[in-house]
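Protein chains get the first letters and strands the later ones, always in sequence-line order, with residue 1 at the start of each.
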Amino acid sequence: MMRYIRLHKIFIKQDLKKLMEYKVDFLLGAVGFLLEQAAQILCLGIIFAGIPALCYTVDGVVVDSWGFNEVLFIYGFSLIPKGIDHLFFDNLWGLGYWIVDKGDFDKYLTRPINSWFYVLCEKFCVDALGEIIIGIVLIIYSTLSMPAQVADAINWWRVLPVLAVMPFAILIFTSIKTATAAISFWTKRSGHITHMCYMTNEFAKYPTKIYNTFIKTAITFVLPFALTAYYPAIYILRGESVWSLPVTVLVSLALFGISQLIWYRGISSYESAGS
Amino acid sequence: MENKEIMIKVKDLRKEFRKAVKEPGLKGSFKALFNPKYDIVKAVDGISFEVPKGEIIGFIGPNGAGKSTVIKMLTGILTPTSGECCIDGKIPTENRKEYVKEIGVVFGQRTQLWWDLALRETYMVLKEIYEIPEDAYKERMAFLNEVLELDDFITSPVRTLSLGQRMRADIAASLLHNPKVLFLDEPTIGLDVVVKDNIRKAIKKISEESGTTVILTTHDLEDIELLCKRIVMIDKGKKVFDGELSELRRRYGQMRELKFELKNPDDFEKLSYKKDFSFADDDLSIDRTGGTVNVRFNSDVVTVEKMLSYTLSKVHVKDINVKDADIEEIIRRLYLGGGETDETADSHL
Ligand SMILES: Nc1ncnc2c1ncn2[C@@H]1O[C@H](COP(=O)(O)OP(=O)(O)OP(=O)(O)O)[C@@H](O)[C@H]1O
Ligand SMILES: [Mg+2]
């Protein structure tokens, strides 16, 4: 394990060095990402300018509602586990899009280290720092501008268990990427499948309660992005959904197991490429 | 029978690829989507051989013969469809991590090094990966530096290396951990004569000094002549020859080359070897540039003596000589004729 961390460190150093070399490239990437996020947040702002709060109603009775600041908080929180996974384990995207297709996966199989770790540790995606920073800024901003009764509900001690579970939330992203990237061992390319799964992540940035049972179940247990965003965020805000913390651990471990199984099955079906 | 320790044992190895066949056009795409059809490509079709420890063995064969596929199975990259391969008592795809510690792999066509890493750092990473102790690493580096002359570009990132430099770098990388077996898939592809020569010398030296067993594939027969005592020829996934180079010469070496210069170039019309001796297409080929004529023929069909006297009786020549066809010619004929499997060819073992 230490060996993998040392290896990862070497590559991180390398990618940072490269960053210095290609500053313009990085800046353009960062600006693009900022614009994208700004557009989404603006949308949220516009929607909330017309309504006081996002409400969940049953038979016309308001059961639950979330103010703009709370939704912003959830949104900001959702960027953090996603960003951390993106920062360290981005190489899996390449696997599904071109590495397997071009036969470049060969080299991961000829070294005496775990092929999955090797793929993971080879790349450090500095762009993701933007995601994490925006997440933190949104969390801070939304907390500072909250109405008093919402802010009073927050108990900052609840951050500790959430932080403890954070690695498992990250593991959810990594496992989903692993499983979908590994499909390329059979199909050559599977990046679009990973991409599709990531689209459902958009649902998870909003209160899960507003969705029907199908979507709710899907984003809680199947592609459990809600466990990385809404649930932990609302737990910090209101102390709701404590159950989601142990569930996150269990679900992420199960997903991880499945993804590893697919990975190793996939490797024995890997066909390399001609030449 | 030589009584040497066997390093590599391959038995009836097969690999099939499924290739989706698609009819052209949009309609074809739709058909392929709903009712995909597959062609089975038998890339490796029942190959068996053994390699004793310390030997350098060369794989040759035309494009698409299945050489790289065999190497990929031996190195654990591809899982065989059926059959066995066993290297130093280990099966590549079982416990891959342990297995690859003992082998080195170089693919001439693509580097396995990290594009942006300086070469020196690359080797540091490999040291980490293979858990090579400091002293062993230093000693090994010094040795590789000497035979492959890495010093000139050791601080450059891999992406800036020339093809020849990169190949040397890749070979050094594959040898850092002192593997028992080295697999080289086209290690001299695209290199100039000097670099080729360097690399051959290095491979030879490494094999001699470390007792490394080497399997290499190549299209350059000079590689074979300078490095390998033994060759395995593959065609269409099957082994068509396995033995020493001299054996190949002896068996297929009936080709002779008759070369002469005509006093009067127009005399060429008078010569009709094909008709007068009824040669088959395979057994005769004629090149002519001006007055210089080059006739390659099978001396089993017509003796050298008959060819000579026929030629001299028909035309006046300035100069004439006969020589053995070179190995290249033999192989060309084998590739063209190819196909039939040669089970009796295991004369070496
Ligand atoms: N990943 C793959 N998928 C499908 N078919 C493949 C694949 N790799 C190789 N083949 C097919 O298998 C056959 C053998 O290919 P291989 O690369 O082993 O040949 P080779 O002897 O190395 O040829 P060359 O001298 O051109 O390198 C070819 O017909 C090739 O098209
Ligand atoms: Mg090849």
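- For Arg18(B), the CZ atom is loosely surrounded, since the number of other residues' heavy atoms within 6.0 Å does not exceed 12.
- One distance of note links NZ of Lys97(B) with CG of Leu109(A); it measures 12.5 Å at 0.5 Å rounding.
- Only the side chain of Glu121(B) has a heavy atom closer than 4.5 Å to any heavy atom of chain A.
- The side-chain heavy atoms of Arg96(B) and Ser115(A), taken from C-beta on, include a pair separated by under 4.5 Å.
- Expressed to the nearest 0.5 Å, how far CG of Leu78(B) lies from OG of Ser269(A) amounts to 11.0 Å.
- Within 6.0 Å of the NZ atom in Lys188(A), the count of heavy atoms belonging to other residues, nucleotides or ligands exceeds 12.
- Residue Arg6(A) touches chain B through its side chain alone, counting heavy-atom pairs closer than 4.5 Å.
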- Task: Verify side-chain contact (heavy atoms from CB on, under 4.5 Å) between Val105(B) and Lys107(A), making sure each step is shown before the conclusion.
- Result: CA-CA 9 Å; Val105(B) 191; Lys107(A) 70 168 194 179; over 6 Å; no
- Query: Under the side-chain contact (heavy atoms from CB on, under 4.5 Å) criterion, do Leu117(B) and Phe11(A) qualify, and how do the steps go?
  - Reply: CA-CA 9 Å; Leu117(B) 237 47; Phe11(A) 288 112; 4.1 Å; yes
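- Shown here for Lys72(B) and Ser272(A), the closest heavy-atom pair between the two residues is NZ-OG, 3.0 Å.
- Between chain A and the residues Glu131(B), Met124(B), Lys101(B), the most heavy-atom pairs under 4.5 angstrom are made by Glu131(B).
- When the candidates Val100(B), Thr69(B), Thr79(B) are compared by the number of heavy-atom contacts under 4.5 Å with chain A, Val100(B) comes out ahead.
- Using a 4.5 Å cut-off between heavy atoms, Ile10(A) contacts chain B through its side chain alone, with no backbone atom that close.
- By the neighbour-count criterion of 12 heavy atoms within 6.0 Å, atom NZ of Lys90(B) is densely surrounded, having more than that number from other residues, nucleotides or ligands.
- For NZ of Lys216(A), the number of neighbouring non-hydrogen atoms (other residues, nucleotides, ligands) closer than 6.0 Å is greater than 12.
- The line from NZ of Lys19(B) to CD of Glu271(A) is 10.0 Å long, rounded to the nearest 0.5 Å.
- Neither the backbone nor the side chain of Ile103(B) comes within contact range of chain A, judged by heavy atoms closer than 4.5 Å.
- With a 4.5 Å cut-off on non-hydrogen atoms, Tyr108(A) touches chain B through its backbone but not through its side chain.
- Between Arg110(B) and Gly274(A), the shortest heavy-atom distance links the atoms NH2-O, 4.0 Å.
- For the set Ile77(B), Val125(B), Thr75(B), the count of heavy-atom pairs under 4.5 angstrom toward chain A peaks at Ile77(B).
- Shown here is Glu202(A), whose CD atom has more than 12 heavy atoms of other residues, nucleotides or ligands within 6.0 Å.
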